[in-house]
K.L.:
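Once you've had a glance at the structure underneath, I'll fire off some questions.
In what follows, every chain begins at residue 1, and chains take the letters A, B, ... in the order their sequences are listed. What you see is a predicted model; the values in this text were computed from it and never measured.
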Protein chains: 2
Amino acid sequence: MKFKLRQLEAFQATAKTGSVTRAAKSLGVSQPAVSRLLADFSTAIGFELFERKSGILTPTSEARYMLTEVSRVFESLDHLEDLRRDLKERTAGHLRIACLPGFATSHLPRVLTEFLDNRPGVTLTLEPDRPERILEWIIGQQYDCGITDGFSGHPATERTDISIKTVCILPKGHPLGAKDTISPKDLENEKMVHTRRDSPFNVALTQSFTQDGARMNSWIEVRQFTAACTIVGEGHGASIVSALDAAQYADRGIIIRPFSPNLEHKLSILRPLAGNRSLLVLDFIEAFQNSLKPFIAEAN
Amino acid sequence: MKFKLRQLEAFQATAKTGSVTRAAKSLGVSQPAVSRLLADFSTAIGFELFERKSGILTPTSEARYMLTEVSRVFESLDHLEDLRRDLKERTAGHLRIACLPGFATSHLPRVLTEFLDNRPGVTLTLEPDRPERILEWIIGQQYDCGITDGFSGHPATERTDISIKTVCILPKGHPLGAKDTISPKDLENEKMVHTRRDSPFNVALTQSFTQDGARMNSWIEVRQFTAACTIVGEGHGASIVSALDAAQYADRGIIIRPFSPNLEHKLSILRPLAGNRSLLVLDFIEAFQNSLKPFIAEAN
DNA sequence: CTTGAATATAACATTATGTTATGAAATTGG
DNA sequence: CCAATTTCATAACATAATGTTATATTCAAG
């Protein structure tokens, strides 16, 4: 048979209070409403639930067995309500984030810590890897969100691009530190630490030297801006890196100066196109984007 | 918030089928009915449950979490239905029976075995003890049912009296075995095994001798008819016992003959007056009474 | 036996869930 | 790219479930 929650409520309240009148009060309805609910319930289940003894409705033996199981039904509904509230308030769920290695040890952990602090029921998987794997995971829906760069698009992903400002970093005490802005010409005699030669950002950087009538003196090729920061912070060379990464190394042996022309480093936040829409993931992406605001290039 | 089962059903069916139309079919209602249930549910819980992808309604991440918990709600309702059916069919519950010691090892176990065979979910406590304890337990509602004798009533108990026929038992081969009916006069020279002197049954027995102008030759006083049967079965004396007990010893060295006058042995089935009415207990009592029919005195 | 309290029932009202009809949106196939 | 088909959302109305007030019945207490 199909149970009706209202009948179960009437049943439980009557057993608890010993009276139809008191059950009605506790349920916030009139006494005849409870009387009818109980009568209908008893007919539906096929046996009596109460008998009157000295004016008190006493549950039958069958009713006592039913009450135990009815309590379990309401407990499971209580759990459902707890979950509903957590989901509505986004305080429960699981986040799976794939990111470039540089992100796993810098800005992102701080953003995540703050994000999770307010969400005790939320758990996280954070997986650093190279861009190819990040894309692969997002396409396969193994991760909810990927943070990568140099990404040109894929039909199975939904992408949000963010342009991050870049800056020139020099060893502390470097003579060029006296200038307000560094031009490619200024760096003609500096040993340059730069990202992969064929990366879109490096191509743009090389072009900026050419357009300023200067030649970039290539020294070390690195895979991450954070590696470039570490090298320059040890007193050697110069580099153009994202303002985000430079900020993490501001007091680690480097000077930061604006670079002209303004080159932008393009980050991409990826989500699986076919994945289940998650409010929690959308919340996180918003929080992450907000955290990047100070580093976003103005031209956009 | 207060959940509505119909909304949970609509939600679960839609997630399972990927379509409002198919969900409506599986629920046996029209498509707009499901559409409205889902819309109302989504509004009530405060977040979206589905998004359309390639024509298929895909649960959101929140919806997936909810589905797990909704399944548990329906599982608990399934358990409730199982219990309801068992209770209605009296195939579940617990029986607590207190009886005289003689009953625990004779007729009653057979009745119980048969009763429980058809009720796999029913469990039992069978406790033999003396009449005073049986009454005490019934009054205190520690047992559902007491089977006792020589009981004259108590306001806290509900009682069903059953008059059992009594018969005369003699050792096998006894000369009186040639008679169709035994009278007190026939037994004047026999050593009598009888119950407690002051028991109502024994008082009636003694009176029957006096009224026949005979003197009862008292030999051994026992507490149970079964003990009297054992003694006579070993070739000594005669006794008047309940037909029920005599039947158990029919092939154990005794001859059974009607006794005139017809004396009745009064059994009482007790139930707590204030206890919870149990269909299972009432069923058992009915089964027990039916099992006694062959031994019931005709005068009633 | 009377009075008061509790429960059951009747008649009507409101809400939840159902229907058919239909418009809007999305998908599919040519 | 457009037409046809399918699916979903909404409107208007119907039915069932649950609510109300009024009142009859039953039970308990003094």
K.L.:
Going by an N to O cut-off under 4.0 Å, is there a salt bridge joining A:Arg119 and A:Asp117?
P.N.:
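A salt bridge is absent here (no side-chain N lies under 4.0 Å from a carboxylate O).
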K.L.:
How many Å lie between CZ on A:Phe11 and P on D:dT18, as a whole number?
P.N.:
16 Å
K.L.:
Could you state the atom-to-atom distance from CG of B:Asp40 to P of D:dT10 in whole Å?
P.N.:
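After rounding, the reported distance stands at 10 Å.
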K.L.:
Pick from B:Glu48, B:Lys16, B:Arg64: which one makes a side chain to side chain contact (heavy atoms under 4.5 Å, CB included) with B:Pro59?
P.N.:
B:Arg64
K.L.:
Compare the minimum distances between each of D:dC13, D:dT18, C:dT7 and the side chain of A:Arg36, then state the nucleotide with the smallest one.
P.N.:
D:dT18
K.L.:
Just compare C:dT19, C:dT7, D:dG19 and give me whichever is closest to any side-chain atom of A:Val29.
P.N.:
D:dG19
K.L.:
May I have the distance from B:Ile56 (atom CD1) to D:dC8 (atom P), rounded to whole angstrom?
P.N.:
10 Å
K.L.:
Write down the distance between CD (A:Gln31) and P (D:dT20), rounded to a whole number of angstrom.
P.N.:
11 Å
K.L.:
Does a side-chain N or O from A:Ser19 land closer than 4.0 Å to OP1 or OP2 of C:dA6, or not?
P.N.:
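The answer is no; no side-chain N or O of A:Ser19 sits under 4.0 Å from OP1 or OP2.
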K.L.:
B:Lys4 NZ to C:dT15 P: how many Å, rounded?
P.N.:
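After rounding, the gap between these two atoms is 11 Å.
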K.L.:
Salt-bridge test for A:Arg85 and A:Glu81: reply yes if a basic N is under 4.0 Å from a carboxylate O, no otherwise.
P.N.:
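Yes, charged N to carboxylate O under 4.0 Å.
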K.L.:
Looking at the side chain of A:Arg6, which of D:dT10, C:dT7, D:dG19 is the nearest nucleotide?
P.N.:
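Ranking D:dT10, C:dT7, D:dG19 by closest atom to the A:Arg6 side chain puts D:dG19 first.
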K.L.:
For C:dT7 and A:Thr21 - does any side-chain N or O of the residue sit under 4.0 Å from the phosphate oxygens OP1/OP2?
P.N.:
yes
K.L.:
Out of C:dA8, D:dT21, C:dT20, which nucleotide sits closest to the side chain of A:Ser30?
P.N.:
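The answer is D:dT21, which lies nearest to the side chain.
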K.L.:
What is the distance, rounded to the nearest whole Å, between atom CG of A:Leu38 and atom C1' of D:dT18?
P.N.:
13 Å
K.L.:
Quick one: A:Leu27 CG to D:dG19 P, roughly how many Å, whole number?
P.N.:
8 Å
K.L.:
Between B:Asp86 and B:Arg84, is there a side-chain N and carboxylate O pair less than 4.0 Å apart?
P.N.:
no
K.L.:
Which nucleotide, C:dT17, D:dT21, D:dA9, lies nearest any side-chain atom of B:Val20?
P.N.:
D:dA9
K.L.:
Taking NZ from A:Lys25 and P from D:dG19, how many angstroms apart are they, rounded to a whole number?
P.N.:
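To the nearest whole Å, that distance equals 17 Å.
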K.L.:
Return the nearest nucleotide to the side chain of A:Pro32; candidates are D:dG19, D:dT20, C:dT19.
P.N.:
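Looking only at side-chain atoms, A:Pro32 lies closest to D:dT20.
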K.L.:
Show the numbers, then the answer: is there a salt bridge (charged side-chain N to carboxylate O under 4.0 Å, His left out) between A:Lys2 and B:Glu9?
P.N.:
CA-CA 11 Å; A:Lys2 188 196 290 284; B:Glu9 286 174 355; 3.2 Å; yes
